[in-house]
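As structure tokens, the structure follows; a few thoughts come after it.
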Amino acid sequence: MRRPINPASHNFLALKKASMQFETFLQSISSATAPAKSSVYLRAMWHDANNEWEQAHALVDSLQDATACWVHAYLHRREGDIGNADYWYRRAGKTRPSVSLEQEWELIVRALL
């Protein structure tokens with residue numbers, strides 16, 4: 001079952017070096033559209049944060065690069081399709097993380113910024 005990302009649930013105070021870009025991206029989640037000039041990967045993560053899984057998936061579904069595979073893996077993990085998620089993690093050269101979905105979302109977004 002998919003749950004919307006709650007930006008307030010992140011423990012940002014624990015981060016010594018808060019990224020202004022990350023904060024800006026978080027603020028954009030309440031906007032009607034993803035930030036201008038954001039990558040296809042960030043747009044997918046933006047849609048996911050807005051509980052628009054289908055739109056997020058459509059953006060990366062046909063892409064084959066490692067970054068797209070990582071986002072794709074996360075999306076299937078979020079969906080609850082662990083077998084499919086593990087396939088995409090392998091394609092991305094990663095293993096399924098043991099952190100929460102919210103923590104993984106933040107890790108991916110920070111890596112993409």
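Just the heavy atoms: all of them, side chains too, but no hydrogens, waters or symmetry mates, feed the values below.
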Once you round to the nearest 0.5 Å, how far does [atom1] of [X] lie from [atom2] of [Y]?
X    : Y   : atom1 : atom2 : result
Q27  : F22 : CD    : CZ    : 11.0 Å
R96  : H76 : CZ    : NE2   : 14.0 Å
H57  : D48 : NE2   : CG    : 11.5 Å
L101 : R77 : CG    : CZ    : 4.5 Å
S31  : N50 : OG    : CG    : 8.5 Å

Can you tell if the side chain of R90 reaches within under 4.5 Å of the side chain of C69, non-hydrogen atoms only?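 R90 vs C69: side chains apart.
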
With side chains defined as the heavy atoms from C-beta onward, is the minimum distance between Y89 and P97 less than 4.5 Å?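 Answer yes - side chains close enough.
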
[X] and [Y]: same hydrophobic cluster, using ILVMFWY side-chain contacts below 4.5 Å?
X    : Y    : result
L107 : L112 : no
W46  : L42  : yes
L75  : Y87  : no

Minimum-distance pair of heavy atoms, taken over all atoms of [X] and [Y]:
X   : Y   : value
A66 : A92 : O-CB, 3.5 Å
S38 : R43 : O-NH1, 3.0 Å
V60 : A68 : CB-O, 4.1 Å

In sequence, state the C-alpha distance, the side-chain angles, and the governing distance for K94 and W88, and then conclude on side chain to side chain contact (heavy atoms under 4.5 Å, CB included). CA-CA 9 Å; K94 299 183 178 296; W88 288 104; over 6 Å; no

Is the ring pair F25/W105 parallel, tilted or perpendicular, if the boundaries are 30 and 60 degrees?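 F25 vs W105 ring planes: tilted.
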
Will you find, in the side chains of [X] and [Y], an N or O donor that is under 3.5 Å from an N or O acceptor?
X    : Y    : value
H47  : E52  : yes
R110 : Q21  : no
S100 : Q103 : yes

Of V109, V71, I108, L59, the residue whose pairing with Y41 passes side chain to side chain contact (heavy atoms under 4.5 Å, CB included):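 So the option named by the test is V71.
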
Evaluate the side chain to side chain contact (heavy atoms under 4.5 Å, CB included) criterion for residues W70 and E104: first the C-alpha distance (whole Å), next the side-chain angles of each, then the deciding distance (0.1 Å), finally the verdict. CA-CA 11 Å; W70 187 21; E104 185 180 13; 3.9 Å; yes

Would a distance-only check, ignoring hydrogens and angles, find a side-chain to backbone donor-acceptor pair under 3.5 Å from D86 to T95?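 It does not hold such a pair.
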
